[in-house]
Amino acid sequence: QVQLVESGGGLVQAGGSLRLSCAASGRTFSVYTMGWFRQAPGKEREFVAAISWSGGVTNVADSVMDRFTISRANAERTMYLQMNSLKPEDTAVYYCAASRNWGVRLTALTYDYWGQGAQVTVSS
């Protein structure tokens, strides 16, 4: 099993920044890909960004590509999502996920482990 714990969510004004962290523990040797997804009220969960376990390959959704950056700190087994120029439409619960499959374009269904979610609220 792999445990994922998100942190760094909160309330921010439009145009502000937040950095989400996801700490992984347990059998992380089985993980090849990590990702961020988000779900707004009344909407389906959507892909935000993904990164290979080594950190060498990334993919970011077109809708946030110019504002969000995904990265990893291998020694700490931690993944980050730096979110800049936040907009009210970025308001959602952000989930960290880990997959035993390789590929930064995986769908949510192919992720095996999920964190509890971190609320991000952007006020206008």
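Since this is a predicted model, take the numbers as computed values, not measurements.
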Trainee: What I want to check is whether the side chains of Glu89 and Thr91 have a donor and an acceptor closer together than 3.5 Å.
Mentor: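 No.
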
Trainee: Could you tell me which residues satisfy side-chain contact (heavy atoms from CB on, under 4.5 Å) with Val60, sequence neighbours excluded, listed by chain and number?
Mentor: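 Residues passing side-chain contact (heavy atoms from CB on, under 4.5 Å) with Val60: Ala49, Val64, Met65, Ile70.
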
Trainee: How would you list, by chain and number, every residue that makes a salt bridge (Lys or Arg N to Asp or Glu O under 4.0 Å) with Glu46, sequence neighbours excluded?
Mentor: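 Once residues adjacent in sequence are excluded, the partners of Glu46 under the salt bridge (Lys or Arg N to Asp or Glu O under 4.0 Å) criterion are Arg38.
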
Trainee: Nearest 0.5 Å, what's the CD1-CZ distance between Ile51 and Arg72?
Mentor: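 Between atom CD1 of Ile51 and atom CZ of Arg72 there are 6.5 Å.
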
Trainee: At their closest point, which heavy atom of Met79 faces which heavy atom of Cys96, and how far apart are they?
Mentor: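 Nearest pair, atom of Met79 first, then Cys96: CE-SG, 3.6 Å.
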
Trainee: What are the two closest heavy atoms between Met34 and Cys22, and how far apart are they?
Mentor: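 Reported closest heavy-atom pair: CE-SG, 3.9 Å.
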
Trainee: Between CG of Asp112 and CD of Gln1, what distance do you get to the nearest 0.5 Å?
Mentor: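 CD of Gln1 is found 9.5 Å from CG of Asp112.
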
Trainee: Please check: side-chain N/O of Gln39 versus main-chain N/O of Glu44, any donor-acceptor pairing under 3.5 Å?
Mentor: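 No, the answer is negative, given that no donor and acceptor are paired below the 3.5 Å cut-off.
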
Trainee: Are Val31 and Val48 co-members of a hydrophobic cluster defined by side-chain heavy atoms under 4.5 Å apart?
Mentor: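 Same cluster: Val48 reaches Val31 through Ile, Leu, Val, Met, Phe, Trp or Tyr contacts under 4.5 Å.
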
Trainee: Measure across Ser99 and Leu106 and return the closest heavy-atom pair with its distance rounded to 0.1 Å.
Mentor: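 That would be OG-CD1, 3.5 Å.
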
Trainee: According to the ring pair (Phe, Tyr, Trp, His ring centres under 6.0 Å) rule, which pairs have a member within residues 5-48, sequence neighbours left out?
Mentor: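 Residue pairs with at least one partner in residues 5-48: Phe37-Phe47, Phe37-Tyr111, Phe37-Trp114.
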
Trainee: Checking Val120 now: which residues fulfil side-chain contact (heavy atoms from CB on, under 4.5 Å) with it, not counting sequence neighbours?
Mentor: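 For Val120 the side-chain contact (heavy atoms from CB on, under 4.5 Å) partners, ignoring immediate neighbours, are Leu18, Leu20, Met83, Tyr94, Val122.
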
Trainee: Would you give the length of the straight line joining atom OG1 of Thr69 to atom CG of Asn84, rounded to the nearest 0.5 angstrom?
Mentor: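 Reported value, rounded in 0.5 Å steps: 6.5 Å.
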
Trainee: Checking Thr110 against Asn101: is there a side-chain donor and acceptor pair closer than 3.5 Å?
Mentor: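 On atom types as modelled, these side chains do not qualify, holding no pair under 3.5 Å.
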
Trainee: So, does Gln13 use its side chain to make a donor-acceptor pair with the main chain of Ser123 at under 3.5 Å?
Mentor: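 Not at all, since once roles are kept as given, no pair shorter than 3.5 Å links the two residues.
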
Trainee: Contact between Gln82 and Ser17 at the side-chain level, heavy atoms closer than 4.5 Å - yes or no?
Mentor: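 With C-beta onward as the side chain, the pair touches.
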
Trainee: For Thr78, give me all partners under side-chain contact (heavy atoms from CB on, under 4.5 Å), at least two apart in sequence or on another chain.
Mentor: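 Only Ser21, Ala23, Glu76, Tyr80 meet the side-chain contact (heavy atoms from CB on, under 4.5 Å) criterion with Thr78.
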
Trainee: For Thr28, which residues count as a side-chain contact (heavy atoms from CB on, under 4.5 Å) partner, sequence neighbours excluded?
Mentor: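 Applying side-chain contact (heavy atoms from CB on, under 4.5 Å) to Thr28 gives Val2, Ala24, Trp53, Arg77.
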
Trainee: If every non-hydrogen atom of Ser30 is compared with every non-hydrogen atom of Arg100, which pair is closest and at what distance?
Mentor: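 Of all heavy-atom pairs spanning Ser30 and Arg100, the closest is O-CG, 3.2 Å.
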
Trainee: Enter the distance from Ser85:OG to Asp90:CG here, rounded to the nearest 0.5 Å.
Mentor: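 Taking OG in Ser85 and CG in Asp90, the distance rounds to 9.5 Å.
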
Trainee: For Thr33 and Gly103, indicate whether the former's side chain and the latter's backbone hold a donor-acceptor pair under 3.5 Å.
Mentor: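 The answer is yes, because a donor-acceptor pair under 3.5 Å joins these two groups.
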
Trainee: If you look at every heavy atom in Ala14 and Ser124, which pair is closest and at what distance?
Mentor: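 Closest pair (atom of Ala14, atom of Ser124, distance): CB-CA, 4.4 Å.
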
